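All values derive from a computational prediction rather than experimental measurement. Every chain is numbered from 1, with letters handed out A, B, ... down the list of sequences.
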2 protein chains.
Amino acid sequence: MTSKLIPNISVDCVVFGFNPEEKLLKLLLIERKLEALEPYDININDFKLTGFHVEKSETLEEAASRVMRDLTGLENIYKKQFKIFGDPNRINKPHDLLWMKSQNLDARSLTVAFSFLIPENAINLEGKMFNPKWFPINNLPKMAFDHDQIAGEAYLDLKKKALHDPMVFELLAEKFTLNELQDLYETILGFELDSRNFRRKVLTKKYIVKLTEKRVGQTKKPSQLFSFDQKIFDAISEENRLINI
Amino acid sequence: MTSKLIPNISVDCVVFGFNPEEKLLKLLLIERKLEALEPYDININDFKLTGFHVEKSETLEEAASRVMRDLTGLENIYKKQFKIFGDPNRINKPHDLLWMKSQNLDARSLTVAFSFLIPENAINLEGKMFNPKWFPINNLPKMAFDHDQIAGEAYLDLKKKALHDPMVFELLAEKFTLNELQDLYETILGFELDSRNFRRKVLTKKYIVKLTEKRVGQTKKPSQLFSFDQKIFDAISEENRLINI
DNA sequence: ACAAAAGTGTTAGATCTACACCCATGC
DNA sequence: GCATGGGTGTAGATCTAACACTTTTGT
């Protein structure tokens, strides 16, 4: 059997979504279903990160983007290679071994985990294959394989990077309010921020651009919209010489 | 042929070493030699990162540590998984394809890059196999495969993390002087620091512990020694709530 | 008019930057 | 006694933390 897949390498996508109304950070998971077909006499029905094996002719980044496109129909979602999981015993539960066998995949399989960041409402889940669902990061269902570990480490990584990496802006719409930005930080970091101090600080940053628009209708008082300018950020951070240990 | 190696997964070690006397950051590389044996009619003689394929029964971390132990005889060197390189065309030069063939390895091979940090003089290179040599990071020789790219990205990663990660202390001996620490930062970051301001800042950090010893003999005036306390650092950084974008 | 979220100012303490000379020792 | 690297202090500017009320709209 000549497959175009590499049998022992997969990508898994840890898809973070932020919902500013609910102030919740979520993960996008899909159902894993294996209905009792012989020779498997166990029903498997839990959740997993979306992922798939890498094709021989594509890069890891291409594989991750392909998997996300298949899931969501979207291209160009922000992503970052995060870690590779390659423990020889990472797949060891009976359910999981059965599943791998049912898919004709190696049990010693390495997976390259990618973190994806997107506003929750940027993905329309209607009518998508695999039945994807959002789960709050602090209330995840039982997950397949070592996906709970992968998700946990990805969240820790995000939490750590949030303090000094602008990747978090990817979780907001292009145009956002300062309250949304503050809610996002509070949600990721897990502590509250003083809104007066937060706003004063943010407003000094040249890469947070005040737009001419306001958002009306959604709340009582119209709120000023802002956007994030990556180019200005990059220029400023190049001249940053502050050691912060 | 049943091998205990996974044919398409390797680890590569980007070994950083700091020399405080020379104020140089270096990489430890080994020679790649393929002498004209039939059917190969080309001499290969350049340098590469130390690396090897992963065994079926070991984790990636174990593989990286094993490779370092084989090279240096040392255990427990600080290491960090850094990135996986899996481009299908990452090995494409005629020399490199010949080399892979001579080693019975897949040309579509993924390598997991690990960064190692150690003081240069902690490794004794005398009589070691593979003829390892230190090269200043800004003056690297011609390297095999995509190892120049891997080394370059690892250096960028170190430069970026140095600003807020205490991993840099791994490049110094257990006991170090503040001038060594300052030289280290200046070398990695590529700009100069004001020694009065640097010292004042460092001395406020509880995890930089002033020892009762001084180093004598090496310079004219004896110099105060310090050590880094990871536990205190972790405790302090957990309560750090400063967003620094 | 009132409910709801948006938005704003001050002060005290801490930290950052810029800048130039004295100190302890080996030779 | 002098050369060498080790080590220090001050003042002005900026940033941080802690604190509560006013503004603008939709209903």
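- Ring centers of B:F176 and B:F169: under 6.0 Å apart, within the cut-off.
- Where A:Q224 and A:L242 each meet DNA chain C at their nearest nucleotide, the meeting point lying more 5' is that of A:Q224.
- Distance CD (B:Q182) to C1' (D:dT8): 14 Å, rounded to an integer number of Å.
- B:R215 places its CZ atom 20 Å from the P atom of C:dA24, with the value rounded to the nearest Å.
- OP1 or OP2 of C:dC16 sits under 4.0 Å from a side-chain N or O of B:K201.
- When the nearest nucleotides of DNA chain D are assigned to B:R241 and B:L178 by heavy-atom distance, the more 5′-ward of the two goes with B:L178.
- Between A:F198 atom CZ and D:dC15 atom C1' the separation is 16 Å, expressed in whole Å.
- As a whole-Å value, the separation of A:N244 CG from C:dT15 C1' is 11 Å.
- Using a 4.5 Å heavy-atom threshold, the side chains of A:W134 and A:V15 count as touching.
- Between the base of D:dT10 and the side chain of B:R196 there is no donor-acceptor pair shorter than 3.5 Å.
- The base of D:dA17 has none of its N or O atoms less than 3.5 Å from a complementary donor or acceptor on the side chain of A:D194.
- A straight line from NZ of A:K210 to C1' of C:dG7 spans 11 Å, rounded to a whole angstrom.
- A perpendicular orientation is assigned to the rings of A:Y207 and A:F228, their planes being inclined by more than 60° (bins at 30° and 60°).
- Taking the six-membered ring where the residue is Trp, A:F135 and A:F47 present perpendicular rings, their angle passing 60° and hence far from 30°.
- In this structure, A:R241 is positioned above the aromatic face of B:F191, its NZ or CZ under 6.0 Å from the six-membered ring centre and within 45° of the axis.
- Spacing between atom NZ of A:K221 and atom P of C:dA6 amounts to 9 Å, rounded to whole angstrom units.
- Mapped onto DNA chain D by nearest heavy atom, A:G217 and A:N197 fall at different nucleotides, with A:N197 at the one closer to the 5' end.
- Checking A:R200 against A:T219, the closest nucleotide of DNA chain C that is more toward the 5' end is the one next to A:T219.
- Rounded to a whole Å, the CD atom of A:E192 is 14 Å from the C1' atom of D:dA18.
- Within the structure, a side-chain polar atom (N or O) of B:N179 is placed less than 4.0 Å from OP1 or OP2 of D:dG6.
- OP1 or OP2 of D:dG7 sits under 4.0 Å from a side-chain N or O of B:R199.
- Rounded to whole angstrom, the span from the CG atom of B:D183 across to the C1' atom of D:dG5 amounts to 11 Å.
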